[in-house]
Amino acid sequence: MTLVAAAYTVLLRYTRTVTTEMYFSTTAVCVAEVIKLLLSVVILAKETGNLSRLFTSLKENVLGSPVEMLKLAVPSLVYALQNNMAFVALSNLDAAVYQVTYQLKIPCTALCTVLMLNRSLSKLQWLSVFILCGGVTLVQYSPAEATRVQIEQNHWLGFGAVAVAVLCSGFAGVYFEKVLKSSDTSLWVRNIQMYISGIIVTLAGVFLTDGEGVLEKGFFYGYNYLVWIVVLLASVGGLYTSVVVKYTDNIMKGFSAAAAIVISTIASVLLFGLQITLTFTVGALLVCVSIYTYGLPRKDTTKLEIKDTSGNLSEKLIHV
């Protein structure tokens with residue numbers, strides 16, 4: 001997950017700052033949704049065992065479940081906005097600065113988890129959230145500059161795009177987790193339901209935002225092998241994110257992705273001539289510390305170990 005997140009961020013930044021013929025970012029988001037759908041169908045076919053069961057499952061869960069389709073249309077719309085904001089952000093912020101700032105999705109996700117899933121966080125987890133916010137604040141206070149990027153950039157536009165993406169990530173991730181874990185419906189069926197809605201939403205976004213340019217130059221204008229790699233990484237990222245949500249939770253997913261900061265920073269120094277500042281270094285280190293503190297195991301306070309008169313250890317259950 002860390003490697004995919006770092007590669008996606010660095011390559012997306014590269015294609016938005018170095019490529020001479022700029023592609024339409026909305027089309028890349030749409031194509032990624034199509035690939036996610038196709039991969040999900042293939043995996044569901046393997047899960048069901050044969051084509052007959054596959055078609056039956058699709059008929060029941062897609063054509064025969066309009067209410068469920070509407071449920072998944074909500075995260076589809078939000079994720080579409082998030083993915084488009086990533087392109088805006090990385091057109092205006094360095095990959096390393098983006099990676100650090102984007103980790104604000106963790107406190108946003110934590111808040112949504114508490115409110116929407118009725119979960120509680122330990123004091124240590126909340127401490128890690130505040131440490132992370134402090135680290136991001138330092139990074140944004142004096143952003144590191146890239147000497148090899150010549151295009152005009154708007155730092156505040158980039159930060160605003162990250163802020164929107166953070167809000168979208170927190171809400172959509174927890175919403176999808178709630179839908180996913182509220183029934184026994186297959187993960188891949190849920191993905192197919194969401195990606196069908198996603199294709200419709202992103203295709204509408206293409207023609208609403210870049211319709212004139214797409215009709216004039218073509219849907220795949222400006223695409224090269226690097227752009228296709230970005231699209232494939234975005235597609236794979238969407239699928240493994242669903243798996244992580246299924247078997248862990250959204251906050252752990254966010255902290256796992258934060259480890260990509262180190263890789264993105266090294267790549268930014270080598271590719272874009274990023275000049276590391278003291279505030280960036282301290283801020284990035286604080287984010288890494290927050291990853292460690294969140295990952296510490298929670299102590300089980302429902303049991304106390306006491307010694308009996310013979311000196312043996314025994315457990316006493318404490319009901320809170």
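Across V162 and A89, no two heavy atoms sit closer than the pair CG2-CB, 3.6 Å. For the residue pair T109 and G170, the shortest heavy atom distance occurs at OG1-CA, 3.4 Å. Nearest heavy atom pair, residue L117 against residue K178, reads CD2-CB, 3.6 Å. The shortest heavy-atom contact between V78 and A172 is CG1-CB, 3.7 Å.
Not a single donor-acceptor pair under 3.5 Å links the side chain of S169 to the backbone N or O of V166. Without hydrogens or angle criteria, Y175 side chain to K71 main chain gives a donor-acceptor distance under 3.5 Å. Under the 3.5 Å distance criterion, the side-chain polar atoms of S197 are left unmatched by any main-chain donor or acceptor of L72. Side chain of S65 to backbone of E68: no donor-acceptor contact under 3.5 angstrom is found.
Every residue was checked against the ring pair (Phe, Tyr, Trp, His ring centres under 6.0 Å) condition with F87, not counting sequence neighbours, and none meets it. Evaluation of the side chain to side chain contact (heavy atoms under 4.5 Å, CB included) rule for L11 yields L226, I229, V230, L233 as partners, not counting sequence neighbours. With sequence neighbours excluded, the residues forming a side-chain hydrogen bond (donor to acceptor under 3.5 Å, both in side chains) with T27 are Y223, listed by chain and number. Legend: residues meeting side-chain hydrogen bond (donor to acceptor under 3.5 Å, both in side chains) with Y8, ordered by chain and number and at least two apart, are absent. Residues satisfying the side-chain hydrogen bond (donor to acceptor under 3.5 Å, both in side chains) criterion with D210, sequence neighbours excluded, are T26. By the side-chain hydrogen bond (donor to acceptor under 3.5 Å, both in side chains) test, T265 pairs with no residue at all, sequence neighbours left out.
At a threshold of 4.5 Å between non-hydrogen side-chain atoms, the residues M22 and Y221 do not count as touching. Between N191 and F176, some side-chain heavy-atom pair lies under the 4.5 Å cut-off.
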Counting only pairs under 3.5 Å, give me each side-chain donor-acceptor contact of residues 198-208, with atom names and distances, residues two or more places apart or in other chains.
unit_1: T202; atom_1: OG1; unit_2: G198; atom_2: O; d: 2.7
unit_1: T202; atom_1: OG1; unit_2: I199; atom_2: O; d: 3.2

Going by atom type alone, with no hydrogens or angles, which donor-acceptor pairs under 3.5 Å involve a side-chain atom of residues 51-60 and a protein atom two or more places apart or on another chain?
unit_1: R53; atom_1: NH1; unit_2: T48; atom_2: O; d: 3.3
unit_1: T56; atom_1: OG1; unit_2: S52; atom_2: O; d: 2.9
unit_1: S57; atom_1: OG; unit_2: N61; atom_2: ND2; d: 3.3

Using residues 212-220 as the side-chain source, report each donor-acceptor pair under 3.5 Å to any protein atom, sequence neighbours left out, with the distance given to one decimal.
none

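Among L44, L180, I192, the one residue that satisfies the side chain to side chain contact (heavy atoms under 4.5 Å, CB included) test with S186 is L44.
As a member of the Ile/Leu/Val/Met/Phe/Trp/Tyr network built from side-chain separations under 4.5 Å, F159 groups with W156. Other members of the hydrophobic cluster containing L81, listed by chain and number, are M85, V88, L157, V164; membership follows side-chain contacts under 4.5 Å among ILVMFWY residues, whether direct or relayed. In the hydrophobic clustering (ILVMFWY side chains linked at under 4.5 Å, chained through shared members), V42 stands by itself.
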Original post:
Given S268 and Q99, is the side chain to side chain contact (heavy atoms under 4.5 Å, CB included) satisfied, shown in steps?
Top reply: CA-CA 11 Å; S268 293; Q99 278 283 17; over 6 Å; no
Original post:
Yes or no on side chain to side chain contact (heavy atoms under 4.5 Å, CB included) for W188 and E47, after CA distance, side-chain angles and deciding distance?
Top reply: CA-CA 9 Å; W188 306 110; E47 189 178 84; 3.4 Å; yes
**OP:** Might you work through the side chain to side chain contact (heavy atoms under 4.5 Å, CB included) test for I196 and V62, ending with a clear yes or no?
**Re:** CA-CA 9 Å; I196 289 174; V62 178; 3.7 Å; yes
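Interatomic distance, OG1 of T209 versus CG of N84, reported as 7.0 Å (0.5 Å rounding).
A cation-pi arrangement, defined by a distance under 6.0 Å to the six-membered ring centre and an angle within 45 degrees of its axis, is absent between R190 and Y195.
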